Amino acid sequence: MPRIHRLSEFVANQIAAGEVVERPASIVKELIENSLDAGARSIRTTIENGGVKCIVVQDDGCGIAPDDLRLAVSRFATSKISGADDLDGVETLGFRGEALASAASVSRLTITSAISAGGGMSLNLAGGTEEAFRPAATPVGTTVEVADLFYNTPARRKFLKTERTETGHVSDVVRRLALAHPDVAFELRHGQRVMERLPAGRELDAIMGSEFLSQSIAIDTGNGDLRLSGWIGLPGYTRAQANAQFFFVNGRAVQDRLAGHAVRQAYRDVMFHGRHSVFVLFLELDPGSVDVNVHPTKREVRFRDSRRVHDFVFASLHRLLSDARPGAESGPPAGDRLPPGSHHGHAPHRHSPYPQTSMSLSSLVAEVDAPAVHDAPPTDDHDVPPLGYALAQLHGVYILSQNEEGLVVIDMHAAHERITYEKLKADYGSGKLTAQRLLVPIPIDVTPREADLAETHGGELARLGLAIDRSGPRSCVIREVPSLLADSDAAALVRDVLDEIAEFGTSDAVQAKADELLASMACHGSARANRRLSIPEMNAILREMETTPNAGQCNHGRPTYFVQSMQQLDHLFLRGR
């Protein structure tokens, strides 16, 4: 066994730099965050060769005092905190005092700063060793140049990707920070070419695209010290990759699995399989309720009450998506998917728990008030419902309807499927979740942690219709399951529930499995293609859609209807030309 010895300062700095400086984008992130903490209102970033050859970040912030310049590049030196108590409620983006020291140890770094006109100083370092410290003519603010990244650690340099890939990572960092700070102007250059120019207040359109606002729903809601604001894309406005999802906690861009899980839950009923939602969300809470000192890069955070945060994000988004339907009474517009002039209300979402009835077309017609079901559209356009009145059926597949704006085309099966599904869920949830006792209890082998969870969360599991007894250090016995899921794989279901409780503090595995079965029942029980419908039957479907949550999509995430305005139709037929 070799004797224990102390590492040299150079090696220690190299190890520390490996935690903070993963690639050029890591340095860009840390430098821009320092600029934001310094109160900058304009930040320009210039890179060469993807940031490997050179990174320059220039800001107009408050600057660094000449006497503090040398201290700024030493490890664990910061102006953001003073003692351990300050870590409980950090409000600045930076605070660890590692970024500049780490960058200096693996590059040739020059930092030039001034707190007043004519009083600037410049400090040059190579591999963390000071080479020059001299006066410099520079405007108020700070400019940091990082050249020849990893020149003294060639093994690290070999792990970098292509110039195009590294440039993309830098661009992503700048865009995320710009979204979080709309009052600051950002610019990113690659050599002499301007890649991103994001004026203050105009970042959203530039980053998310001109269609985003028209295809999204605004959210601004709170619960105690929690506040969630931003925009979520309509279920039909999705991406093949999860590259348009931005989540911020107290202005800090983070990658949080808890928030991601809550968003996926909210979209579960309306998202087409394999697609990813689009959103820009800002979560604000008491700084003392979130720990940002989890990882050297500060990309991860830990919430003091993670379950409360998860449930708040899920409930807020789920309610908003459910309310985005034709005929609702209030709320922000959701874009062109809904008929122009329609609104979004806040009717409660009837979330389900036990199937007792299905919804046939005959019962639909019977439930709709007779005056609301017309055999033909009225002669005037006053008080026309958002989805209008049925005109005809096309090839036994689509319902054609006329509303105030023009033509509405409804997928008959998709619309009836959503109506049936929501009614099944409402019936399932109309009473207490019923459980079925197993004639032969099912033993399962689990980890000690899973056994502990089953024991300590017994009350929550019972509310899900699961009765689980611990029978040993690594074993449990399933005695009851939800009646709807009596024929499912109980052991696999319990493991999924325990996994989610372990990671997120809550689980929707039982509800997800139940909804999956209800969706299948709704699909098989809904009107099929080529079924001839009468005008009253078509109108009954339209009226039900206007009061049904998530009516814009079927259970599989496909759209249920589209609107063609008279202006769009006139354009197709070249009218007025």
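These numbers come from a predicted model, not from an experiment.
Residues S171 and E196 are in side-chain contact: their nearest non-hydrogen atoms beyond the backbone lie under 4.5 Å apart. The side-chain heavy atoms of I217 and L234, taken from C-beta on, include a pair separated by under 4.5 Å. The side-chain heavy atoms of E48 and H190, taken from C-beta on, include no pair separated by under 4.5 Å. Using a 4.5 Å heavy-atom cutoff, the side chains of M208 and V278 are in contact. Under the 4.5 Å side-chain criterion, counting only non-hydrogen atoms from C-beta, S289 is in contact with D225. A 4.5 Å side-chain heavy-atom check between C54 and N49 finds every atom pair outside the cut-off. Put simply, the side chain of F246 does not reach to within 4.5 Å of the side chain of L281, judged on heavy atoms. Contact check for T221 versus R319: side-chain heavy atoms found under the 4.5 Å cut-off.
Nearest heavy atoms, S35 versus V57: OG-CG1, 4.0 Å. Taking each heavy atom of K161 and E166 in turn, the nearest pair found is N-OE2, 2.9 Å. Minimum interatomic distance between T138 and G120 (heavy atoms only, all atoms of both residues): CG2-CA, 3.9 Å. Annotation for A178 and I207: closest pair CB-CD1, 4.1 Å, computed over non-hydrogen atoms. Residues I115 and G63 share a closest heavy-atom pair of CG2-C, 3.6 Å. The two atoms that bring A266 and L317 nearest to each other are CB-CB, 3.6 Å, heavy atoms only.
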- Message: Walk me through whether S102 and S105 qualify under side-chain hydrogen bond (donor to acceptor under 3.5 Å, both in side chains).
- Response: CA-CA 5 Å; S102 296; S105 68; 5.5 Å; no
Checklist entry - Given Q255 and E300, is the side chain to side chain contact (heavy atoms under 4.5 Å, CB included) satisfied, shown in steps? => result CA-CA 6 Å; Q255 298 171 347; E300 301 175 12; 5.8 Å; no
- [ ] Could you please spell out the steps behind the side chain to side chain contact (heavy atoms under 4.5 Å, CB included) verdict for I501 and E460?
- [x] CA-CA 10 Å; I501 290 177; E460 179 180 347; 4.2 Å; yes
Mind running side chain to side chain contact (heavy atoms under 4.5 Å, CB included) on L149 and V21 for me, showing each step along the way? CA-CA 10 Å; L149 183 62; V21 183; 4.3 Å; yes
(request) For the pair S322 and H318, evaluate side chain to side chain contact (heavy atoms under 4.5 Å, CB included) and give the outcome as yes or no after the intermediate values. (result) CA-CA 6 Å; S322 298; H318 182 70; 3.8 Å; yes
- May I have the step-by-step check of side-chain hydrogen bond (donor to acceptor under 3.5 Å, both in side chains) for E203 and H181, ending in yes or no? CA-CA 9 Å; E203 289 89 346; H181 300 274; over 6 Å; no
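Using cut-offs of 30° and 60° on the angle between ring planes, the pair F248 and F282 is parallel.
Atom CD of residue E22 and atom CG of residue L160 lie 11.0 Å apart, to the nearest 0.5 angstrom. To the nearest 0.5 angstrom, L123 atom CG is 10.0 Å from L100 atom CG. Taken to the nearest 0.5 Å, the CG atom of L283 stands 6.5 Å off from the CG atom of L226. Note: L204 CG to L198 CG = 11.0 Å, rounded to the nearest 0.5 Å. With rounding to the nearest 0.5 angstrom, the CZ atom of R157 is 14.5 Å from the CZ atom of R23. Note that OH of Y267 and CZ of F279 are 8.0 Å apart. Values are rounded to the nearest 0.5 Å.
Between R189 and E187, at least one side-chain nitrogen of the basic residue sits less than 4.0 Å from a carboxylate oxygen of the acidic one, meeting the salt-bridge criterion. Of the charged side-chain nitrogens involved, at least one lies within less than 4.0 Å of a carboxylate oxygen, so that R227 and D220 count as a salt-bridged pair. Here R176 pairs with D172 in a salt bridge; the nearest charged N to carboxylate O distance falls below 4.0 Å. A salt bridge links R307 with D311; the closest basic N to acidic carboxylate O contact falls under 4.0 Å. A salt bridge is absent between E450 and R495: the closest approach of a Lys/Arg side-chain nitrogen to an acidic carboxylate oxygen does not fall below 4.0 angstrom. In this structure, R41 does not pair ionically with D59, as no charged nitrogen and carboxylate oxygen lie closer than 4.0 Å.
R257 pairs by the salt bridge (charged side-chain N to carboxylate O under 4.0 Å, His left out) definition with E503, not counting sequence neighbours. Remark: N223 engages no residue in a side chain to side chain donor-acceptor pair (under 3.5 Å) (not counting sequence neighbours). Here N124 pairs with T110, R134 under the side chain to side chain donor-acceptor pair (under 3.5 Å) rule; sequence neighbours left out.
L321 pairs with exactly one of P549, P235, S277 by the side chain to side chain contact (heavy atoms under 4.5 Å, CB included) rule, that one being P235.
The backbone N or O of L93 sits less than 3.5 Å from a side-chain atom of D37, completing a donor-acceptor pair. Within the 3.5 Å criterion, the main-chain N or O of L188 finds no donor-acceptor partner in the side chain of R44. For the pair T162 (side chain) and T165 (backbone), a donor-acceptor distance under 3.5 Å is present. A donor-acceptor contact shorter than 3.5 Å links the side chain of S214 to the backbone of E211. Side-chain N or O atoms of T112 include none that pairs as donor or acceptor with a backbone N or O of S122 at under 3.5 Å.
Seen from the ring of Y151, R108 counts as a face-on cation partner, given the 6.0 Å and 45° thresholds.
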